[in-house]
Protein chains: 2
Amino acid sequence: MTGKRAAVRADTTAAIIRLARRQVETRGAANLSLREIARDLDMASSAIYRYFESRDQLLTVLIIDAYDRIGEAIETADAKRDRDDLIGRWTAIALALRSWALTNRADYGLVFGTPVPGYEAPDDTIAPALRYTNVVVRLLADASSSGCTPSIESPRTRKIAGEYRYVRRAIGVDAPDATLLAGLSAWAAVFGAINQELFGHVDTVYADPGIHFAALVDMLGRQVMGLT
Amino acid sequence: MTGKRAAVRADTTAAIIRLARRQVETRGAANLSLREIARDLDMASSAIYRYFESRDQLLTVLIIDAYDRIGEAIETADAKRDRDDLIGRWTAIALALRSWALTNRADYGLVFGTPVPGYEAPDDTIAPALRYTNVVVRLLADASSSGCTPSIESPRTRKIAGEYRYVRRAIGVDAPDATLLAGLSAWAAVFGAINQELFGHVDTVYADPGIHFAALVDMLGRQVMGLT
DNA sequence: CTGAGGTCAAGAGCACTGCTCACATTTCTT
DNA sequence: AAGAAATGTGAGCAGTGCTCTTGACCTCAG
């Protein structure tokens, strides 16, 4: 079955991806050059097209891969804590996300940065993209079902109630409005903080952004779970 | 002084910028083509270099311009409310930021999206970049000096206290730890929410992201100001 | 009012890019 | 062993940013 040919193919494919990732890291996704990859691999530039049908598709593969690795990082962070330890899980997830982002800046930028107008994410990206999301959604569900009530209140209007009815169905978590609001807010704050730090919008604000981030996560956790 | 020559020059410069912005909107910053701009303007591609020294510099000009317009949008939103109306100012600022982002997606992406590795923002970007920041920093200062105490608590450790001592100096706001934490958290949440919405990471979650955003902003405002 | 100096556009050209295609070579399958 | 499938090659097309030389134009001082 897996003859010499298939093995070589897998190797070359992996080598292309490796070089591509390195290029994205050092020069940005915009400057990814297939020809340079081919040169580094001592093959004709046209040969690359036997492995990836276009530059965009190569980038898509990198994106899927990145999603997958984020998912894995967050899943294992979550799994290391007791399922009952809600705050512990939250903290682990958030810190894992930040440290993954810091050590994989290019991949993080690829996934959470500016999208290219007109670029439609292919269907194969959907499942990997849901992986990290599911972890935090499950945490929110656990928090809600174990009776946590957040220490914030949601505004009560018809429109907002209707919106959160939709959200409840969309993410499949049967939690009260305040829990949804607190949870989504916390999640947004985590991403916002990471983006600001990584993309250089708060360079002069913090001595050590990690310390602030830890305090932020701690505060958000207590807020969503409604403890102390 | 301002002869015919200077007038024509200003026109061409403006036309180039206009076309460049349109290209960034429709195809992304990565696909900005000076040659195409030149074609659209019926001039030789080399002539563009009389107006902008490089493609990067053109993009930098677009970025500075975007920063400036964000600053202006936020400043006027802030100025429309009484200085005492802290919640009103906060809400106005946050909603203005979101609506600017929605109507200027490309510019927002240019400024707050993935940075190009190796790209050093020139000095001329610093001042415009501070404009929108200053508005919200001033709001935080006003909130603190008018005795608002946020409804959250900051964790108390040596490290965190030290970090916020640094932050206090860096942004020039003499507020307690909890206020800084709440304010920075709220600001991060606003950006995080806008990023998620604009960059397509929550497409399936909300029926109308604007409704959730309004609730989010309302909740955050009450939290930072410590009201009801 | 004329001529010098500065400004601007043009066009050719370099080195690069993604991508295609006809063709040769290698490997797997029958 | 023979045919089929997979893989690599090199030329070529159309596009890119950018440079340099050349000539035309405008502005303003003498």
Side-chain angles (χ1 to χ4, degrees), chain A residues 1-63 110 116-120 122, chain B residues 1-63 110 116-120 122:
Chain A
M1 275 297 129
T2 50
K4 187 177 176 181
R5 192 155 212 158
V8 171
R9 184 172 226 295
D11 279 1
T12 329
T13 309
I16 294 176
I17 291 181
R18 210 186 61 237
L19 289 174
R21 196 187 304 288
R22 218 175 53 187
Q23 277 194 29
V24 171
E25 269 160 27
T26 54
R27 310 185 312 193
N31 300 340
L32 173 64
S33 161
L34 298 189
R35 286 182 115 111
E36 184 167 324
I37 293 177
R39 274 196 301 272
D40 289 354
L41 254 39
D42 272 316
M43 66 200 295
S45 65
S46 50
I48 301 282
Y49 290 83
R50 298 282 177 202
Y51 297 85
F52 298 92
E53 60 189 32
S54 71
R55 203 191 88 122
D56 268 16
Q57 203 236 319
L58 212 197
L59 276 172
T60 300
V61 168
L62 290 186
I63 290 175
L110 219 48
V116 178
Y119 173 83
E120 261 319 302
Chain B
M1 276 297 128
T2 50
K4 188 175 176 181
R5 194 156 208 157
V8 171
R9 187 182 175 78
D11 279 0
T12 336
T13 310
I16 294 175
I17 291 181
R18 212 186 57 238
L19 289 174
R21 196 186 304 287
R22 219 176 52 189
Q23 276 193 28
V24 171
E25 269 159 27
T26 54
R27 311 185 312 193
N31 300 339
L32 173 64
S33 161
L34 298 189
R35 286 182 116 111
E36 184 167 325
I37 293 176
R39 274 197 300 273
D40 289 354
L41 253 38
D42 272 317
M43 65 199 295
S45 65
S46 52
I48 301 281
Y49 291 84
R50 295 277 169 201
Y51 298 86
F52 297 94
E53 61 189 32
S54 72
R55 203 190 90 122
D56 269 16
Q57 203 236 320
L58 214 197
L59 277 172
T60 300
V61 168
L62 291 185
I63 290 175
L110 219 48
V116 178
Y119 172 83
E120 261 319 303

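Each chain gets a letter, A, B and so on, in the order its sequence line appears, and its residues count up from 1.
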Quiz item: When you look at A/Phe52 and A/Ile37, which way does the side-chain contact (heavy atoms from CB on, under 4.5 Å) test go after all the steps?
Solution: CA-CA 12 Å; A/Phe52 298 92; A/Ile37 293 177; over 6 Å; no

Quiz prompt | Full working for side-chain contact (heavy atoms from CB on, under 4.5 Å) between B/Leu59 and B/Leu62 | solution = CA-CA 5 Å; B/Leu59 277 172; B/Leu62 291 185; 4.2 Å; yes

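- As a whole-Å value, the separation of B/Phe52 CZ from D/dG17 C1' is 16 Å.
- In this structure, the CG atom of B/Asp11 is 17 Å from the C1' atom of C/dT7, given to the nearest Å.
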Exercise. Start with the C-alpha distance between B/Arg50 and B/Met43, add both sets of side-chain angles, then the distance that settles side-chain contact (heavy atoms from CB on, under 4.5 Å), and finish with yes or no.
Key: CA-CA 12 Å; B/Arg50 295 277 169 201; B/Met43 65 199 295; over 6 Å; no

Quiz prompt | From CA spacing to verdict: side-chain contact (heavy atoms from CB on, under 4.5 Å), A/Asn31, A/Gln23 | solution = CA-CA 8 Å; A/Asn31 300 340; A/Gln23 277 194 29; over 6 Å; no

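- Per the geometry, CD1 belonging to B/Ile48 stands 11 Å off P belonging to D/dC18, to the nearest Å.
- With sequence neighbours left out, B/Ser33 forms a side chain to side chain donor-acceptor pair (under 3.5 Å) with no residue at all.
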Quiz item: What one-letter contact string describes nucleotides 17-26 of chain C from 5' to 3', where B marks a base within less than 4.0 Å of any protein heavy atom, S marks contact via sugar-phosphate atoms alone, and - marks no contact?
Solution: BBBBBB---B

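- Rounded to whole angstrom, the span from the CD1 atom of A/Ile16 across to the C1' atom of D/dT7 amounts to 12 Å.
- Close to D/dG8, at under 4.0 Å from its OP1 or OP2, lies a side-chain N or O of A/Tyr51.
- Distance, B/Met43 CE to D/dC18 P: 15 Å, rounded to whole Å.
- The closest donor-acceptor contact from the side chain of A/Arg55 to the backbone of A/Leu32 lies under 3.5 Å.
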